[in-house]
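Beneath this line is the structure, given in structure tokens, with notes to follow.
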Amino acid sequence: VQLQACGGGLAQVGDSLRLSCAAAPGRTFSRSAMAWFRQAPGKEREFVAAITRGGGSTEYSDSVKGRFTISRDNAKNMVYLQMKSLKPEDTAVYYCAARETILTMPISNDHNDYRYWGQGTLVTVSS
């Protein structure tokens with residue numbers, strides 16, 4: 001499934017941003033768990049948040065828990081990442097990713113489990 005992420009930009013500490021990821025039409029999206037990962041300059045890609053195919057379960061990294069919220073709209077083939085209380089350490093390129101799953105499959109925070117990736121959107125948080 002083709003993914004297109006957008007919504008990044010320049011923010012100040014404490015600001016909010018909402019990232020969006022649009023999936024190409026088709027049934028793959030509704031059969032896929034979705035996730036956001038990020039990669040800061042000079043660092044490894046890290047897990048941010050994930051949501052099951054039906055949206056009933058979510059998982060977050062400790063660094064964003066309580067500040068970020070992942071959600072999805074299967075009718076629109078969209079997944080979102082609402083980011084609040086942004087910090088300089090949130091600066092990174094954010095990628096959305098999709099993983100086709102069966103209903104009982106647990107959420108994965110391993111980027112190797114995700115087959116489809118968007119192109120990334122840059123979030124810069126300035127102090």
Side-chain angles (χ1 to χ4, degrees):
V1 58
Q2 286 186 308
L3 302 172
Q4 177 99 22
C6 64
L10 179 63
Q12 302 294 317
V13 171
D15 279 356
S16 297
L17 278 177
R18 188 176 85 153
L19 305 184
S20 300
C21 176
R27 293 190 293 177
T28 301
F29 180 79
S30 62
R31 296 197 300 257
S32 298
M34 298 298 296
W36 289 94
F37 290 81
R38 67 186 182 187
Q39 188 165 18
K43 294 190 176 182
E44 301 274 320
R45 188 168 298 191
E46 67 167 342
F47 170 77
V48 175
I51 188 167
T52 51
R53 51 190 266 179
S57 294
T58 57
E59 185 174 314
Y60 299 91
S61 67
D62 288 342
S63 62
V64 308
K65 199 173 295 182
R67 298 188 299 122
F68 290 11
T69 303
I70 187 172
S71 61
R72 66 188 295 161
D73 185 336
N74 284 352
K76 295 181 180 179
N77 277 20
M78 295 289 295
V79 64
Y80 307 99
L81 185 69
Q82 178 68 52
M83 306 185 294
K84 298 181 180 179
S85 303
L86 284 164
K87 304 176 181 180
E89 51 264 43
D90 295 320
T91 295
V93 177
Y94 284 71
Y95 299 89
C96 60
R99 176 194 187 206
E100 289 186 84
T101 64
I102 57 175
L103 284 173
T104 56
M105 195 173 289
I107 288 177
S108 171
N109 59 12
D110 184 346
H111 66 89
N112 291 304
D113 288 335
Y114 290 82
R115 178 179 179 184
Y116 304 101
W117 291 83
Q119 85 289 1
T121 185
L122 176 63
V123 173
T124 303
V125 183
S126 172
S127 57

Taking all non-hydrogen atoms of both residues, which atom of [X] and which atom of [Y] are closest, and how far apart?
X: Y60; Y: T69; value: OH-CA, 3.3 Å
X: V123; Y: G8; value: CG2-CA, 4.0 Å
X: R99; Y: S108; value: NH1-CB, 3.3 Å
X: V125; Y: D90; value: CG2-CB, 4.2 Å
X: R53; Y: I102; value: NH1-CA, 3.7 Å
X: V13; Y: S127; value: CG2-CA, 3.6 Å

Around E89, counting heavy atoms of other residues, nucleotides and ligands shown, do more than 12 lie under 6.0 Å from its CD?
yes

Between [atom1] on residue [X] and [atom2] on residue [Y], distance to nearest 0.5 Å:
X: R72; Y: T52; atom1: CZ; atom2: OG1; result: 7.0 Å
X: N74; Y: S32; atom1: CG; atom2: OG; result: 9.5 Å
X: M34; Y: T58; atom1: CE; atom2: OG1; result: 14.5 Å

When you measure from the side chain of Q39 to the backbone N and O of A92, does any donor-acceptor pair fall under 3.5 Å?
no

Look only at the side chain of N77 and the backbone of A22, and say whether a donor-acceptor pair between them is shorter than 3.5 Å.
no

Can you find a side-chain donor-acceptor pair between Y94 and R38 that sits under 3.5 Å?
yes

A side-chain contact here means heavy atoms from C-beta on lying under 4.5 Å apart; do S85 and K87 qualify?
no

Taking C-beta and beyond as the side chain, do N109 and E59 meet within less than 4.5 Å on heavy atoms?
yes

Could you go step by step and tell me if F29 and M78 meet the side-chain contact (heavy atoms from CB on, under 4.5 Å) rule?
CA-CA 9 Å; F29 180 79; M78 295 289 295; 5.6 Å; no

Residue pairs passing the salt bridge (charged side-chain N to carboxylate O under 4.0 Å, His left out) test where at least one lies in residues 24-34, sequence neighbours excluded:
R31-E100

Filter on salt bridge (charged side-chain N to carboxylate O under 4.0 Å, His left out), then keep only pairs touching residues 109-127, sequence neighbours left out; what's left?
none

Verify the cluster assignment for [X] and [Y]: are they in a single hydrophobic cluster under the rule of side-chain heavy atoms below 4.5 Å apart?
X: Y116; Y: I51; value: yes
X: V64; Y: W36; value: yes
X: Y80; Y: L86; value: no
X: F68; Y: L17; value: yes
X: V48; Y: I70; value: yes

Run the side-chain contact (heavy atoms from CB on, under 4.5 Å) test on Y95 and L3 for me, step by step, so that the C-alpha distance in whole Å, both residues' side-chain angles and the decisive distance to 0.1 Å come before the verdict.
CA-CA 9 Å; Y95 299 89; L3 302 172; over 6 Å; no

Which ILVMFWY residues can you reach from L10 by hopping between side chains whose heavy atoms are under 4.5 Å apart?
none

Who else is in the cluster with I107 when I, L, V, M, F, W and Y are joined by side-chain contacts under 4.5 Å?
none

Stepwise side-chain contact (heavy atoms from CB on, under 4.5 Å) check, E46 with S61
CA-CA 9 Å; E46 67 167 342; S61 67; 5.6 Å; no

Got a salt bridge between K65 and D62, using NZ or NE/NH1/NH2 to carboxylate O under 4.0 Å?
yes

Anything under 30° is parallel, anything over 60° is perpendicular, the rest tilted; go ahead and classify W117 against F37.
tilted

Pairs satisfying side chain to side chain donor-acceptor pair (under 3.5 Å), at least one member in residues 6-23, at least two apart:
none

Using side-chain contact (heavy atoms from CB on, under 4.5 Å), reason through M83 and R67 one step at a time and then give a plain yes or no.
CA-CA 6 Å; M83 306 185 294; R67 298 188 299 122; over 6 Å; no

Qualifying disulfide bond (SG atoms under 2.5 Å apart) pairs with a residue from residues 84-127, counting only residues at least two apart or across chains:
C21-C96

